[in-house]
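Following: one structure in structure tokens, then a few remarks.
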Amino acid sequence: MSTINQLKLDMITWRHHIHAHPETAFEETNTTKFIIEKLKSFGINELYTEFAPTGVVGIIKGNKDGRWIALRADIDALDIIEENKIAYCSTIPGKMHACGHDGHTATLLGTAKYLSEHRDFAGTVVVIFQPAEENEGGARVMVENGLFERFPIEAVYGIHNQPNMKLNHFYVTHGPMMASYDVFEIKITGVGAHAAAPHLSKDTILTATQIVNGLQSIVSRNVDPLSSLVVSVTQIHSGDTWNVIPQQAVIRGTVRTFDAQVQDMAENRIKQIATGIASTFEAKAEVDYQRRYPATINHAKQAEIAIKAAQNVVGETNVIIDPTPSMGAEDFAFMLKKIPGAYVWLGAGQGANLHNPAYNFNDEVLTTGVEYFIEIVKQELGK
Ligand SMILES: [Zn+2]
Ligand SMILES: [Zn+2]
């Protein structure tokens, strides 16, 4: 029987191994093999890999029958060149665990090991090792492939570490935690001409800049000031030389919000503004708007369970209830749209921020994460 402190040493070893071998979206083949090997070594043999190209789902039965709940970790890395000088630095060129998913994976492995040895709960715990959280929506793929139809899971819980929040403090909202994440691309087509004969052009650069200005009116004039919305233009591409007015321009950007109606409004306004301004300048605009991740919204009842579990681990004063949500996004949103659950931040209290080349997961929060997950199981499936 492992105590949580014994598990800590195991988890640090696993975490450093995963950190040294980062794999990105849907290519986490060796990471998945590593997880499967560990789960089998804990005696967890009921494993499912059919919900996504990579990743694995394990089933842990308690001593008594009861309800089903799920615990989720993301397992993927990012396309970043690591700057850390550590013994277990990334060995894969250009790839890095810069969001701490190595730590999330180790935390859920530690939890799985503990639960496999301490089956004093009534029901079933499903451990979900989900691929491709970054950009590609691995959670959506698992949901679409019937994860929650295959198993009668009633609630799902996830953790994300946050280096810019206080060490071993939990942060939980009763509603929105993270924003929706959409992207847009506006292709502007005009008429190219010699720069010395602008009257012969339909200028795409002039049109593009007016569209960028126009897009600023969505946040300032179309949304209730008490509601949250981001419309950010992040790319403009046009032109190759000094003396040509280019025939094409492309604008790209992102939209973030917590509210589905605001999201609909932003999409419509971007289309109206882009096409309207383009026609004013005798050019043409085509708008491609893609909804990537919905908002991550906790369910109130499961948020209460998460708060209680967190308080039992770190004490009442170290659980921050209803913090300001983040305009970042998280594909756990797809799971929370399908079934009830809660997503919490675990403060790591130090170091470089997420997605920074100098970021490294803080091993001091591994046991806190395991204790939290074990408390969730107690709250949900305690006898
Ligand atoms: Zn990330
Ligand atoms: Zn992440």
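For the single chain, residues carry numbers from 1 onward in sequence order. Atom set for the values below is all heavy atoms of this structure, side chains included, hydrogens, waters and symmetry mates excluded. This one's a predicted model, so the numbers in the text were calculated from it and none came from an experiment.
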- [ ] Using distance alone, with no hydrogens and no angle criterion, decide if Gln290 and Asp288 have a side-chain donor and acceptor under 3.5 Å apart.
- [x] yes
Task: Electrostatic pair Arg252-Glu185, nearest N-O below 4.0 angstrom - done: yes
Open item on the list: Quick test of your reading of the model: are Lys8 and Asp10 salt-bridged, counting only N-O distances below 4.0 Å?
Closed with: no
- [ ] State the CE-CZ distance between Met177 and Phe258, to the nearest 0.5 angstrom.
- [x] 10.0 Å
- [ ] Determine, stepwise, if the pair Glu23 / His21 fulfils side-chain hydrogen bond (donor to acceptor under 3.5 Å, both in side chains).
- [x] CA-CA 7 Å; Glu23 295 172 303; His21 302 90; over 6 Å; no
Task: Donor on one side chain, acceptor on other, Asp331 and Gln130, under 3.5 Å - done: yes
Open item on the list: Classify the ring geometry of Tyr289 against Phe184: parallel below 30°, tilted from 30° to 60°, perpendicular beyond 60°.
Closed with: parallel
Open item on the list: How long is the straight-line distance from CE of Met96 back to CG of Leu78, given to the nearest 0.5 Å?
Closed with: 8.5 Å
Task: Polar side chain donor-acceptor pair, Gln263 to Asp182, under 3.5 angstrom - done: yes
TODO: Check the side chains of Glu133 and His104 for a donor-acceptor pair under 3.5 angstrom, ignoring hydrogens and angles.
DONE: no
Open item on the list: Any non-hydrogen side-chain atom of Leu354 less than 4.5 Å from a side-chain atom of Pro163?
Closed with: yes
Open item on the list: Can you tell me how the ring of His118 sits relative to the ring of Tyr114, calling it parallel under 30°, perpendicular over 60° and tilted otherwise?
Closed with: parallel
Task: Verdict with supporting geometry, Leu71 and Val126, side-chain contact (heavy atoms from CB on, under 4.5 Å) - done: CA-CA 6 Å; Leu71 309 174; Val126 180; over 6 Å; no
Open item on the list: To the closest 0.5 Å, what do you measure between OG1 (Thr111) and CD1 (Ile159)?
Closed with: 7.0 Å
- [ ] Compute the ring centroids of Tyr157 and Phe373, then answer whether they are less than 6.0 Å apart.
- [x] no
Task: Ring centre gap for His160 and His101 strictly below 6.0 Å - done: yes
Task: Residues, nucleotides or ligands: over 12 heavy atoms within 6.0 Å of Gln261 CD - done: no
TODO: Indicate whether any N or O donor in one side chain lies under 3.5 Å from an N or O acceptor in the other, for Asn222 and Arg269.
DONE: yes
TODO: Please check if the distance between the ring centroids of Trp14 and Phe42 is under 6.0 Å.
DONE: yes
TODO: Decide if atom CG of Asp65 counts as having more than 12 heavy atoms of other residues, nucleotides or ligands within a radius under 6.0 Å.
DONE: no
Task: Pair Glu82-Ser90, side-chain donor/acceptor within less than 3.5 Å - done: no
- [ ] For the pair Thr54 (side chain) and Thr29 (backbone), establish whether a donor and an acceptor sit closer than 3.5 Å, ignoring hydrogens and angles.
- [x] no
Open item on the list: Is it true that Thr189 and Lys284 share a donor-acceptor pair across their side chains at a distance under 3.5 Å?
Closed with: no
List the atom pairs, with distances to 0.1 Å, where a side-chain N or O of residues 316-327 and a protein N or O form a donor-acceptor pair under 3.5 Å, not counting sequence neighbours.
| from | atom 1 | to | atom 2 | distance (Å) |
| --- | --- | --- | --- | --- |
| Asn318 | OD1 | His169 | NE2 | 3.2 |
| Asn318 | ND2 | Val314 | O | 3.1 |
| Asp322 | OD1 | His174 | N | 2.8 |
| Asp322 | OD1 | His174 | ND1 | 3.0 |
| Asp322 | OD2 | His174 | ND1 | 3.2 |
| Ser326 | OG | Gly328 | N | 2.9 |

Task: Close side-chain approach of Cys99 to Glu134, heavy-atom, < 4.5 Å - done: yes
Task: Flag for His16-Asp363: side-chain donor and acceptor within less than 3.5 Å - done: yes
Open item on the list: In terms of relative ring orientation, are Phe51 and Phe151 parallel, tilted or perpendicular, with 30° and 60° separating the classes?
Closed with: perpendicular
- [ ] Answer yes if the side chains of Tyr293 and Asn135 hold a donor-acceptor pair under 3.5 Å, and no otherwise.
- [x] no
Task: Stepwise side-chain hydrogen bond (donor to acceptor under 3.5 Å, both in side chains) check, Asp76 with Thr24 - done: CA-CA 5 Å; Asp76 57 316; Thr24 46; over 6 Å; no
Open item on the list: Does Phe361 form a side-chain contact (heavy atoms from CB on, under 4.5 Å) with Arg15? I'd like the steps, not just the answer.
Closed with: CA-CA 9 Å; Phe361 184 87; Arg15 210 278 288 177; 3.7 Å; yes
Task: Output field: ring centroids Phe34/His17 closer than 6.0 Å - done: yes
Open item on the list: Between the side chains of Glu37 and Lys33, is the shortest nitrogen-to-carboxylate-oxygen separation below 4.0 Å, so that they form an ion pair?
Closed with: no
Task: Salt bridge Glu144-Arg140, side-chain N to carboxylate O under 4.0 Å - done: yes
- [ ] May I ask you to test the Asp102-Pro22 pair for a side-chain heavy-atom distance under 4.5 Å?
- [x] no
